[in-house]
Amino acid sequence: MTVRVRFAPSPTGYLHVGGLRTAIFNFLFARHHGGVFILRIEDTDTERSTQAAVDQILDSLRWMNIAWDEGPYFQSQRMPLYRAHLDRLLESGHAYRCYCPAEELEKKRKAAESEKRQYKYDGTCRHLDPKADPAGRPFVIRFRMPEKYPDHFDDLVLGRIPIDEERLDDWILARSDGMPVYNFCVVVDDADMRISHVIRGNDHVANTPRQILLYQAFGYSAPQFAHIPLIHGPDGSKLSKRREAEYRKLGMSVSVQEYARMGYLPHALFNYMTRVGWSAGDQELFSLAEFIQKFDLDGVGKASGIMNPEKLKWVNAQYLKAEDDHALAQKLVPLLAEKGIGTTADDRLAKIAECLKPRSNTLVELAEKATIFFIAPTAYDEKAVRKFWNREARAWLEHLVEVLPELPLADEAAMEERFKGFAEKFSAGNMGKIAQPLRLALTGSTASPSIFTVMNILGKDECRARIRRAIEELGKLG
RNA sequence: GGCCCCAUCGUCUAGCGGUUAGGACGCCGGCCUCUCACGCCGGUAAUAGGGGUUCGAGUCCCCUUGGGGUCACCA
């Protein structure tokens, strides 16, 4: 049997990380088994579905490099298929028209609630003669619960799930406007698309019995179900778009595209998300090829996980360090442009990326640190000024400006040798005593890549200008 | 509240009857060092509780507790 799986988001907003994880699990499962990964947009809720959301979801998936093999299919374009299936159920008696007004049903529901009773549809229209339909009156289509049904189903990750205790009534298949409802469309579509495995969040387990009954009513065999654990926010509850403000404070988000904005690499996000709820021994970092080779449902745990932005950051830092310097430069260009720095992804920018990547967790951080190579410091760290800019420092910086023309800036190893000589002369061999005042002059702070790398990237002219400016400032200190 | 699911360090997890309960993030030390990082070395920290089963339970069963999910003419 060929594996066919699908990711079926509803386009009511951007792609959120929980959905992303479901997409990843399906994608990896398909690739691992040489199967087909299908994308289906569940837009039967015309009130809430938007084209903008569809675009955002597709963009996020593309950004994550999660490529689908079929689709996207849109449920809104498959009405004839649903109609035909509805008719089939109506004809076979597995469904019937219900004319109960929504308000009345709502009243009954409220009543049940106040009496602390479980609400169930009372079956008012269950035994109406289908031929005696009161023409013109609005109706919904309900499923006719069979007498007999399976007492459980087997979930690939959760195991045996009982359904005999399930609260099942004659639920609605199609709204009064004729639009079929989610629980109906999934089944028709999954059957029509010959889905072999339904891998989805375990917030869907309660829906599964109904869907299984529908398969049964149609005479279709049901796919295998795999309900993966949800990902929760730091407070332990389901990730919610409404909590976004709180998440932002913690350096996280529910929005996939937000991670792009925050400077995360798509594969880092991919790696992190996959590893919550799935593992293969002690390994933390996987290439896509490794994920495909190792991913399977038996590695999926049952317990839900909590999103940990700190670890995501670490994973991202790992991939940042491993990223090619020119590729990084490429990604940096637009971020620098936002800061008003116009540059191309040249060798110089690659060199900047190289020395900054072990010092950054995200692309945004990297771009931030990179500015110092384009814009001379306008202020100097006060504490550092007091500590490093003294009379000796001034003498040393003045000497440096003088000998600058003959220094081999491009040869960092040779520069280090020359500096050892300077250290002997100006600070009794203490490299720190000459490096720090210079670093302060060049960058305005006491933290930067190797001073030799900084000089190399800046070049002689820029170094001279910055050092002179520093000497000037130093002079004002008296 | 009914029903369902889950339960190993703060977090992600390994473990699939016999381990000094392992790894990772974080945190704390140390090393490296021109600063900051990276890296390396070390440390901190867990089997929710109670009953069983067994020669032997993190591993199997039951109960309690805790957490989560779900109860629409949403998906």
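Note on naming: letters A, B, ... go to the chains in the order of the sequence lines (proteins, then strands), and numbering restarts at 1 for each one.
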- Message: Whether the side chain of N202(A) and the base of rG69(B) hold a donor-acceptor pair under 3.5 Å is what I'd like checked.
- Response: no
- Determine the contact category for Q118(A): base if any of its heavy atoms lies under 4.0 Å from a base atom, sugar-phosphate if only primed atoms, P, OP1 or OP2 are that close, otherwise nothing. base
- Write down the distance separating the C1' atoms in rU53(B) and rC60(B), rounded off to the nearest Å. 8 Å
- Item | Whole angstrom value for the distance that separates P of rU70(B) from NE2 of H227(A) | 12 Å
- Looking at rC34(B), rG26(B), rC5(B), which one has an atom nearest to any side-chain atom of W314(A)? rG26(B)
- Message: Measure CE/M179(A) against P/rA75(B) and give the value in whole Å, please.
- Response: 9 Å
- Inter-nucleotide P distance (rG2(B), rC63(B)), Å rounded: 15 Å
- Query: When rounded to the nearest Å, what value does the distance between P atoms of rU8(B) and rG58(B) take?
  - Reply: 15 Å
- Inspect the contact between R78(A) and D192(A) and indicate whether a charged nitrogen and a carboxylate oxygen are less than 4.0 angstrom apart. yes
- Message: Whether the side chain of E284(A) and the base of rG23(B) hold a donor-acceptor pair under 3.5 Å is what I'd like checked.
- Response: yes
- Task: Would you verify whether the NZ or CZ of K241(A) falls within 45 degrees of the ring axis of Y14(A) while also being under 6.0 Å from that six-membered ring's centre?
- Result: yes
- Query: Touch check for K238(A), heavy atoms < 4.0 angstrom, all strands: base, sugar-phosphate only, or nothing?
  - Reply: sugar-phosphate
- Side chain to side chain, Y247(A) and P309(A), heavy atoms closer than 4.5 Å: no
- Item | Quiz item: T446(A) side-chain donor-acceptor pair to rC36(B) base, under 3.5 Å | no
- Let me know the distance between CD1 of I163(A) and P of rC5(B), rounded to the nearest Å. 12 Å
- Message: If you define the side chain from C-beta out and look only at heavy atoms, does anything of R6(A) sit under 4.5 Å from V198(A)?
- Response: yes
- Message: So R109(A), base contact, sugar-phosphate only, or nothing? Heavy-atom distance under 4.0 Å.
- Response: sugar-phosphate
- Query: Given rA75(B), is OP1 or OP2 found less than 4.0 Å from the side-chain N or O atoms of R175(A)?
  - Reply: yes
- Query: Using a cut-off of 4.0 Å on non-hydrogen atoms, how would the nucleic acid contact of I306(A) be classed: base, sugar-phosphate, or nothing?
  - Reply: sugar-phosphate
- Have a look at V140(A) and say if it touches a base, only the backbone sugar-phosphate, or nothing, with a 4.0 Å heavy-atom cut-off. base
- What is the nucleic acid contact for G277(A), judged by heavy atoms within less than 4.0 Å: base, sugar-phosphate only, or nothing? sugar-phosphate
- Has the side chain of N207(A) got a donor or acceptor atom sitting under 3.5 Å from an opposite partner on the base of rA75(B)? yes
- Report the nucleotide, chosen from rC25(B), rA7(B), rC34(B), that has the shortest atom-to-atom distance to any side-chain atom of K311(A). rC25(B)
- Query: When you compare rA24(B) with rA14(B), how far apart are their C1' atoms, in angstrom units rounded to a whole number?
  - Reply: 11 Å
- Side-chain donor or acceptor of E115(A) paired with backbone N/O of A112(A) under 3.5 Å: no
- Task: Please state how far atom CG in N183(A) lies from atom P in rC71(B), giving the value in whole angstrom units.
- Result: 9 Å
- Which whole number of Å gives the distance between the C1' atom of rA21(B) and that of rU59(B)? 11 Å
- Nucleotide nearest S279(A) (side chain, heavy atoms from C-beta), chosen from rU35(B), rU13(B), rA75(B): rU13(B)
- CZ of R40(A) versus C1' of rA75(B): gap in Å, rounded? 11 Å
- Item | Sugar-phosphate only, base, or nothing, as touched by A303(A) at under 4.0 Å among non-hydrogen atoms | sugar-phosphate
- Pair of N/O donor and acceptor under 3.5 Å linking rC36(B) base with R359(A) side chain: yes
- Side chain of K238(A), backbone of I231(A): donor and acceptor closer than 3.5 Å? no
- Task: With heavy atoms under 4.0 Å as the rule, sort E113(A) into base, sugar-phosphate or nothing.
- Result: nothing
- Task: Specify the separation, in whole Å, of atom CZ of R200(A) and atom P of rU70(B).
- Result: 13 Å
- R464(A) side chain to I467(A) backbone, donor-acceptor under 3.5 Å: no
- Give one of base, sugar-phosphate or nothing for F452(A), where a contact means two heavy atoms less than 4.0 Å apart. base
- Below 4.0 angstrom from OP1 or OP2 of rA75(B), is there any side-chain N or O of T44(A)? yes
- Message: In whole Å, I'd like the distance from the CG atom of L156(A) to the P atom of rC5(B).
- Response: 16 Å
- E310(A), nearest nucleotide to its side chain (from rU35(B), rG22(B), rC25(B)): rC25(B)
- Message: Heavy atoms only, 4.0 Å cut-off, all strands: where does P449(A) land among base, sugar-phosphate and nothing?
- Response: base
- Query: Contact class for K321(A) (heavy atom, under 4.0 Å): base, sugar-phosphate, or nothing?
  - Reply: sugar-phosphate
- Note on the structure: Per atom distances to the Q436(A) side chain, the nearest of rU11(B), rC34(B), rG39(B) is rC34(B)
- Evaluate the ring planes of W396(A) and F422(A), with Trp represented by its six-membered ring, and classify them as parallel (under 30°), tilted (30 to 60°) or perpendicular (over 60°). tilted
- Query: Rounded to the Å, how far apart are R6(A) CZ and rA75(B) P?
  - Reply: 14 Å
- Task: Write down the distance separating the P atoms in rC12(B) and rG26(B), rounded off to the nearest Å.
- Result: 15 Å
- May I ask you to verify if any side-chain N or O of Q211(A) is less than 4.0 angstrom from the OP1 or OP2 atom of rA75(B)? no
- Message: Mind checking if L438(A) touches a base, just sugar-phosphate, or nothing, with heavy atoms under 4.0 Å?
- Response: nothing
- Taking side chain as C-beta onward, heavy atoms only, is F270(A) less than 4.5 Å from L28(A)? yes
- Query: Less than 5.5 Å between centroids and less than 30° between ring planes, does H232(A) satisfy that with rG67(B)?
  - Reply: no
- Task: Could you measure between the two P atoms, the one in rC38(B) and the one in rG30(B), and give it in whole Å?
- Result: 16 Å
- Task: Can you figure out which of rG23(B), rC4(B), rA75(B) approaches the side chain of D282(A) most closely?
- Result: rG23(B)
- Query: Checking all strands, does C100(A) fall into the base, sugar-phosphate, or nothing category for heavy-atom contacts under 4.0 angstrom?
  - Reply: base
